[in-house]
Amino acid sequence: MEEFREQYKKDHPKNKSVAAVGKAGGDKWKSLSEAEKAPYVAKAEKRKVEYEKNMKAYNKRQAEGPKDEDVESDKSVSEVNDEDDDEEGSGDEEDDE
C-alpha cells in the first residue's frame, strides 16, 4: 500500500480523499496474481515477526514494573506547575499604580 499510495498521488495529484486511495488500492490488490502478491506478503510476515518480538519485550517490561528511577510522584507535571504559579502570585501583582 505504501508504494501504491505514492504512485497514486503522482497519477492523481488533485485527489485528497483517503477513501478513494484505499478503495483503489484494494481494487489493485484484488487484481494481482499470487506471484505478484508474494513479495508483499513476505514483507508483511517479516514486519509481523518484528512487531511480535517488540510487543513481547514491551509486555515483559510492563510486567516487571517501573524501575526506581522511573517512579514518579502521584502529582502530574501540570499539578506541580500549578502549585508553583500559586506561590509566585501572592496577590502583589498590581503594584504598578
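All values below come from the heavy atoms of this structure, side chains included, with hydrogens, waters and symmetry mates left out.
- Taken from CG in Leu32 to CG in Asp27, the straight-line distance is 11.0 Å, to the nearest 0.5 Å.
- A salt bridge does not link Lys43 to Glu50: none of the charged side-chain nitrogens sits closer than 4.0 Å to a carboxylate oxygen.
- For Tyr40, the OH atom counts as loosely surrounded, since its 6.0 Å shell holds 12 or fewer non-hydrogen atoms of other residues, nucleotides or ligands.
- In the displayed structure, Glu36 atom CD is contacted under 6.0 Å by more than 12 heavy atoms of other residues, nucleotides or ligands.
- The NZ atom of Lys53 sits 14.5 Å away from the CE atom of Met55 when rounded to the nearest 0.5 Å.
- Heavy atoms from other residues, nucleotides or ligands lying under 6.0 Å from NZ of Lys23 number 12 at most.
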> After noting the C-alpha distance and the side-chain angles of Lys46 and Glu52, does the key distance pass the salt bridge (Lys or Arg N to Asp or Glu O under 4.0 Å) rule?
Replying inline: CA-CA 10 Å; Lys46 182 179 176 184; Glu52 288 173 348; over 6 Å; no
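- In this structure, Met1 is a member of the same hydrophobic cluster as Tyr8, with clusters built from ILVMFWY side-chain heavy atoms closer than 4.5 Å.
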